[in-house]
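Worksheet for the structure shown next.
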Protein chains: 2
Amino acid sequence: MVAAVETRRQIVDAADSLFYAQGFAQTSFADIAAAVKISRGNFYYHFKTKDEILEAVIDKRLSDRRKLLAKWDETADGAKKRIECFIRIVIVNQAKIMAYGCPVGTLTTELAKVDHPSRERANEIMVLFGDWLERQFRELGCGESSRDNALHVLGWSQGVATLAQAFKDKAYVEREVSKILTWLDGITAGPEQKHSQ
Amino acid sequence: MVAAVETRRQIVDAADSLFYAQGFAQTSFADIAAAVKISRGNFYYHFKTKDEILEAVIDKRLSDRRKLLAKWDETADGAKKRIECFIRIVIVNQAKIMAYGCPVGTLTTELAKVDHPSRERANEIMVLFGDWLERQFRELGCGESSRDNALHVLGWSQGVATLAQAFKDKAYVEREVSKILTWLDGITAGPEQKHSQ
DNA sequence: GACGAAATTGGACAGTCGTCCTAAATGTTG
DNA sequence: CAACATTTAGGACGACTGTCCAATTTCGTC
């Protein structure tokens, strides 16, 4: 027997991909059922409503990102290298970003427009990255500018993702990466230094 | 008698607002009909399909933006001041952006996800701003960096809009504006100068 | 005022949506 | 093997979708 928890995991995985590729509202039970190869009626056994699936997907994404950040915390040497890891996501995930945009940003935007109950929960993924980045900048000695710098990098990633999806211009993404890395170098030049403004 | 062209205009206006506030797919004929106060069946007289309404909305947005840019070309004194006009949109339209995001970016993202036929047409609004910004930077003497700088500012606006909608942080928007304005000042410092990388 | 064109109405239509229930199949345990 | 709980399949349901049409009203013109 396939345990219920396994089927549930498959549903969440498929929903995660489909919500990313098509958007939450555009993805139907039928779509997910086809991907997991189960009957539509089976959903009700695992999830009472579509919103419950969304909650599970957001929880999974939160968990996945926490693991990713933890890995960077372990492997990358120094705060600057860790911030670089974040910056380079737009290159690592370039293909998907050019096709579907940023998984965090696009979901946040979609849920905000319809004022969905899970809107706040989805925002927490954004907050997660923001707080993590802030810690890195603080470790870098940015002091009170740490929060600003964190949001600056976070916003940068969202802008790059949006334009990458619109123009599908690989060179643009690479230019923006080298541009922000140069900016980052300027930050590390001196301790307690404010960013270039 | 109310001319057909007038009813059509009202439909497009209402659709424009609703597509922005709720998204294209989330907006139904019933929504637009309620806003314009006409019967649902009346749509078919003015538009054959929902996609036709979308096309009309995109055309209107293109037209509106062209007029806005033309106004800036006339009134603002110098390329730098004109770029500043663009940058300050995120402050002028702050309330709407915090509620619904960027009207250009969110539509582009939504249509790209479902690979909608009007996707390219919607992108033209983004292109319109990109080309206009490029002209300004060229006039500023940025030469070959003009395109890069244009996309940099365009991407910046998208990132700010996304985070503004997620966090609804007015101060963040203002900080980012002053930050990019400082960057812009650096650009104008010398002719033919490459941006800070 | 009568006529024809323009514009609007309300509903029919086939399809899809999320939800929900019952019956069947499957696996586990005595 | 029998009794049981767990899991799945398939379809019914009411509501909503975009589309489309026939009947009606409104308008400009003779």
Side-chain angles (χ1 to χ4, degrees), chain A residues 1-58 107 110-111 113-119 121-122, chain B residues 1-58 107 110-111 113-119 121-122:
Chain A
M1 173 184 69
V2 178
V5 61
E6 170 62 16
T7 304
R8 189 191 151 98
R9 194 192 57 79
Q10 288 180 13
I11 292 175
V12 174
D13 278 1
D16 188 9
S17 300
L18 288 168
F19 289 174
Y20 178 33
Q22 309 181 355
F24 169 68
Q26 311 300 327
T27 302
S28 68
F29 277 77
D31 291 332
I32 306 174
V36 187
K37 283 170 183 144
I38 61 172
S39 69
R40 253 179 29 259
N42 196 0
F43 278 98
Y44 194 67
Y45 182 79
H46 300 278
F47 300 95
K48 294 272 179 267
T49 66
K50 192 185 176 187
D51 286 350
E52 272 189 22
I53 301 182
L54 176 62
E55 284 178 34
V57 167
I58 295 175
L107 182 66
E110 181 180 354
L111 298 186
K113 284 218 178 196
V114 294
D115 201 29
H116 192 280
S118 290
R119 179 193 181 295
R121 188 93 179 120
Chain B
M1 174 182 69
V2 178
V5 60
E6 170 62 15
T7 304
R8 191 191 150 97
R9 196 192 55 79
Q10 288 180 13
I11 292 175
V12 174
D13 279 0
D16 188 9
S17 300
L18 287 168
F19 289 173
Y20 178 35
Q22 309 180 355
F24 169 67
Q26 311 299 325
T27 302
S28 68
F29 278 76
D31 291 333
I32 306 174
V36 186
K37 283 171 183 143
I38 60 172
S39 69
R40 255 181 22 261
N42 195 4
F43 279 98
Y44 194 67
Y45 183 80
H46 301 278
F47 300 94
K48 294 271 179 267
T49 65
K50 193 186 176 187
D51 286 351
E52 271 189 22
I53 301 182
L54 176 61
E55 283 178 33
V57 167
I58 294 176
L107 182 66
E110 181 181 354
L111 297 187
K113 285 220 179 195
V114 294
D115 200 28
H116 192 281
S118 290
R119 179 193 181 295
R121 188 92 179 120

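Just so we're on the same page: letters track the sequence lines, and every chain starts at 1.
Taking atom CD of A/Gln26 as the reference point, atom C1' of C/dG18 lies 15 Å away to the nearest angstrom. Spacing between atom NE2 of A/His46 and atom C1' of D/dT6 amounts to 10 Å, rounded to whole angstrom units. Spacing between atom CG of A/Asp31 and atom C1' of C/dG18 amounts to 13 Å, rounded to whole angstrom units. Atom CD1 in B/Ile38 sits about 21 Å away from atom P in D/dT24, given to the nearest Å. At whole-Å resolution of the value, CZ in B/Arg9 and P in C/dA7 are 15 Å apart. Atoms CZ (B/Phe29) and P (C/dC13) sit 20 Å apart, rounded to a whole Å. Per the geometry, CG belonging to B/Leu54 stands 17 Å off C1' belonging to D/dT19, to the nearest Å. Taking atom NZ of residue A/Lys48 and atom P of nucleotide C/dC21, one finds them 9 Å apart after rounding to whole Å.
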Please tabulate the protein-to-nucleotide N/O contacts below 3.5 Å involving nucleotides 10-15 of chain D, giving atom names and distances.
residue: D/dA12; atom: N6; partner: A/Arg40; partner atom: NH2; Å: 3.4

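In this structure, A/Lys50 and A/Phe24 have side chains that are in contact, with non-hydrogen atoms separated by less than 4.5 Å. No side-chain heavy atom of B/Tyr45 sits less than 4.5 Å from a side-chain heavy atom of B/Thr7. Contact check for B/Ile32 versus B/Ile38: no side-chain heavy atoms found under the 4.5 Å cut-off. Between B/Gln26 and B/Leu18 there is no side-chain heavy-atom pair separated by less than 4.5 Å. Two residues are said to be in side-chain contact when any heavy atoms from C-beta on lie closer than 4.5 Å; B/Asn42 and B/Val36 fail this criterion. With a 4.5 Å cut-off on side-chain heavy atoms, B/Phe29 and B/Ile53 count as touching.
An OP1 or OP2 oxygen of D/dT8 is reached within less than 4.0 angstrom by a side-chain nitrogen or oxygen of A/Thr7. For D/dT19, the OP1/OP2 oxygens have no side-chain nitrogen or oxygen of B/Tyr44 closer than 4.0 Å. Side-chain N/O atoms of A/Tyr45 include one lying less than 4.0 angstrom from OP1 or OP2 on D/dT7.
Applying the side chain to side chain donor-acceptor pair (under 3.5 Å) criterion to A/Arg9, with sequence neighbours excluded, gives A/Glu6, A/Asp13.
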